[in-house]
Enquirer: 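This structure is in structure tokens; I'll ask about it shortly.
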Amino acid sequence: MSAAEALLRVEDLHVEFPSEDGVVHAVDGITYQVHAGRTLGIVGESGSGKTVSSLTTLGLTRRQGARISGRILFEGKDLLTLPEEGLRAIRGNDIAMIFQDPLSALHPLYRVGKQLVEAVLAHRDVPKAKARERAIELLGLVGIPDPAKRVDAYPHEFSGGMRQRAMIAMALANEPKLLIADEPTTALDVTVQAQILALMERLQRELGMAILIITHDLGVVAEMADDIAVMYAGRIVETGSAESIFAKPQHPYTWGLLRSIPRLGTSRDEELVPIFGTPPSLISPPSGCHFHPRCPYAQPDHARIDPQLEPVADEPSHFVACLLETEVRRRLWGELGAGGTPEQALAEAGLPAGKDPAQPVEEHT
Amino acid sequence: MIRYIIRRLLLGIVLLLVVCLVTFILFRVLPTGNPAVLRAGRDPQPKLIKEIEVVLGLNKSLPAQFWDYLKEVVLHFNFGYSYYSQEAVRSLISERLSATLSLTVGAAVLWIVAGLSVGIISALRRHSLLDRTVMGASLVMISAPEFWLGLVFLYLFASDIGQFKILPGAGSYVGLTHDPWKWFTSLIMPWVVLASGSAAVYARLMRSSLSEVMREDYIRTARAKGLRDRAVVGHGVRAAINPIFTLFGLEVGVLLGGAILVETVFNIPGIGRASYQAIQSSDFPVIQGTVLLASMFIIIANILVDIAYAYLDPRVRYS
């Protein structure tokens with residue numbers, strides 16, 4: 001996994017939005033890479049900057065007055081310095097994107113076919129009839145029954161799952177090298193979610209594209225991702241292969257995410273534990289480790305020291321930004337992974353009981 | 001859909017009968033000038049007034065008068081005769097319809113083109129100097145009454161009383177078939193005056209509607225698939241135009257019933273001026289006829305807008 005091979009390489013990306021209340025640091029220096037044919041999952045709660053970073057990749061935050069710095073290298077070209085027309089030629093062609101809510105992401109007054117045809121014609125100089133054939137072929141490819149008829153339907157005549165299939169068909173129109181999927185299953189029923197994920201995996205195998213999947217749902221990344229980056233408050237706090245993140249999670253925030261979803265293999269009466277508190281303000285983020293106000297294991301000096309992403313001992317491709325000692329983290333997760341409470345884990349690790357985690361009034365959703 | 005249209009048409013006919021009754025009550029039952037007195041000349045003999053009342057049928061009871069009127073309208077499509085000129089109301093209206101039609105259609109084209117293009121440019125460059133300037137100007141145009149604006153235009157540009165004698169002034173209207181060029185030049189000022197207020201309203205509507213739409217997810221999708229800016233704006237305009245279209249249809253319907261102020265200021269022999277004159281002289285059959293015509297246009301415009309809406313927005317289905 002050398003950097004040279006990466007299809008997409010994001011380096012020290014900062015995205016800030018000036019607002020009336022102050023500058024919003026939506027993305028605060030993140031670095032990640034996506035390799036051809038592989039899947040990176042970016043995980044985090046709403047407001048952690050995961051969507052903004054991917055929209056920035058396509059240059060879609062430029063108009064919103066964002067201040068952007070860093071580099072986004074796609075096949076060696078820096079997308080941040082590319083003029084608008086050059087970026088347009090890449091959008092939907094080399095890099096395509098699908099969105100959370102397919103109903104609002106499809107134009108309600110245009111037929112699905114027309115929207116697909118447009119996507120083809122935006123990048124290919126082919127006759128309309130050819131583009132329409134392609135649209136029908138694409139709808140078939142994503143598993144929409146009777147595509148020759150459905151091509152003339154309007155989005156509201158499709159079910160939620162079919163709409164997302166249509167979105168995927170549109171994204172695939174020009175066989176992109178990279179597909180960015182922003183919460184592609186969040187708005188769908190659970191059974192349909194599984195179908196959509198399976199569809200994306202099949203298409204990835206068939207077309208060999210790379211996928212960047214953005215989600216708050218660890219279940220989705222467990223299914224899809226080769227590599228995972230966990231984002232919190234505009235930063236990546238932990239990154240590594242999917243196996244290492246699920247087997248040996250290092251960051252207390254990742255622990256929180258893992259413990260807030262049900263998993264097979266855990267005891268039936270083990271309770272799900274929410275992460276208390278709310279995501280921090282991105283205008284004036286907490287000092288030191290951004291997670292310390294919500295971290296049950298935070299020590300007094302964690303409010304001062306800003307942790308950097310560092311390799312985990314014995315795992316060179318697993319990085320974490322946490323101020324706790326490796327050994328302490330190992331013991332904490334050992335206890336938590338076995339179903340213990342944070343208090344038990346603290347005792348086990350021999351740490352002084354931290355302050356109360358932020359008052360548990362509002363659970364994050 | 002067909003059943004829906006038929007139901008709407010039947011409802012429209014009922015509505016027209018109600019309009020008939022209401023105007024009848026308004027102008028006949030409630031105290032207005034006695035048309036017989038108005039016709040009898042200066043210092044009339046009571047006998048003469050009585051005679052005129054008999055001729056006009058004013059001596060019958062009010063329900064009987066209404067029944068007579070309704071019978072003529074429904075059976076013979078006859079709206080009676082002007083108390084003044086004796087002319088049949090039907091021919092009086094049809095003579096004047098072309099002037100009103102010319103005025104309304106020209107103005108409508110002008111205001112929809114001007115309003116929408118200004119609105120689109122403003123929406124795409126919100127808070128720019130251009131946006132602020134045209135939105136400020138539009139507020140002035142909305143606030144300026146038509147009759148005042150009409151007089152200002154005449155004062156500035158009319159060939160008889162204007163400061164810059166470049167356009168034919170009031171009373172210069174001729175029919176399109178008579179002299180197309182004169183028809184066109186004589187209508188330039190009325191068109192502009194009639195269109196200005198609406199154009200400003202449409203510009204503001206389009207601006208707010210489009211700037212809202214441009215934040216929608218599907219606009220982001222359009223960008224994300226690599227469409228050019230023009231095509232992306234096209235997606236926005238397509239979605240933003242629907243509410244404006246509804247208003248447009250109704251407004252044209254209303255104006256076809258007569259643009260009273262503008263027709264009066266520019267002395268255009270249209271339906272608006274006819275009804276104005278008829279009201280001044282208690283010419284009941286003409287009032288009744290113009291009101292009925294105006295209501296008919298509004299009802300038809302309503303139905304047409306509803307039908308067209310089903311095509312404009314496929315999510316709308318009537319049953």
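Convention: sequence-line order gives letters A, B, ...; per-chain numbering from 1.
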Enquirer: As an exercise, state the distance from NZ of B:Lys225 to CG of A:Leu116, rounded to the nearest 0.5 Å.
Expert: 7.0 Å
Enquirer: So what's closer than 4.5 Å to chain B heavy atoms on A:Leu106: side chain, backbone, both or neither?
Expert: backbone
Enquirer: As an exercise, state the distance from OH of A:Tyr110 to CZ of B:Arg238, rounded to the nearest 0.5 Å.
Expert: 6.5 Å
Enquirer: Of the listed residues (A:Ser104, A:Ala122, A:Gly92, A:Ala171), which shares the most heavy-atom pairs with chain B below a 4.5 Å separation?
Expert: A:Ser104
Enquirer: Surrounding CZ of B:Arg125 (heavy atoms of other residues, nucleotides or ligands, distance under 6.0 Å), is the total greater than 12?
Expert: no
Enquirer: How close do B:Ala224 and A:Met97 get, counting heavy atoms only, and between which atoms?
Expert: CB-CB, 4.5 Å
Enquirer: What closest approach, in Å, do B:Ala239 and A:Leu109 show between heavy atoms, and which atom pair accounts for it?
Expert: CA-CD1, 3.8 Å
Enquirer: Looking only at atom types and distance, does a side-chain atom of B:Thr221 sit under 3.5 Å from a main-chain N or O of A:Ala105, one as donor and one as acceptor?
Expert: yes
Enquirer: Quick one: closest heavy-atom pair of B:Pro314 and A:Pro108, and the distance?
Expert: CG-O, 4.1 Å
Enquirer: Side chain from CB out, backbone as N, CA, C, O: work out which of these in A:Leu55 comes under 4.5 Å of a heavy atom of chain B, or both, or neither.
Expert: side chain
Enquirer: Donor-acceptor pair, distance only, cut-off 3.5 Å: does the side chain of A:Arg88 make one with the backbone of B:Gly226?
Expert: yes
Enquirer: So what's closer than 4.5 Å to chain B heavy atoms on A:Gln100: side chain, backbone, both or neither?
Expert: neither
Enquirer: Can you tell me if A:Glu84 has over 12 outside heavy atoms packed within less than 6.0 Å of its CD?
Expert: yes
Enquirer: Atom CG in A:Asp101, atom OH in B:Tyr218: separation rounded to 0.5 Å?
Expert: 12.5 Å
Enquirer: For A:Ala119, is it the side chain, the backbone, both, or neither that has a heavy atom closer than 4.5 Å to a heavy atom of chain B?
Expert: both
Enquirer: Where on A:His123 is there a heavy atom nearer than 4.5 Å to chain B: the side chain, the backbone, both, or neither?
Expert: side chain
Enquirer: Measure distances from B:Leu312 to the heavy atoms of chain A and classify the residue's part below 4.5 Å as side chain, backbone, both or neither.
Expert: backbone
Enquirer: Using only atom types and a distance under 3.5 Å, with no angle test, would you say the side chain of B:His235 pairs donor to acceptor with the backbone of A:His107?
Expert: no
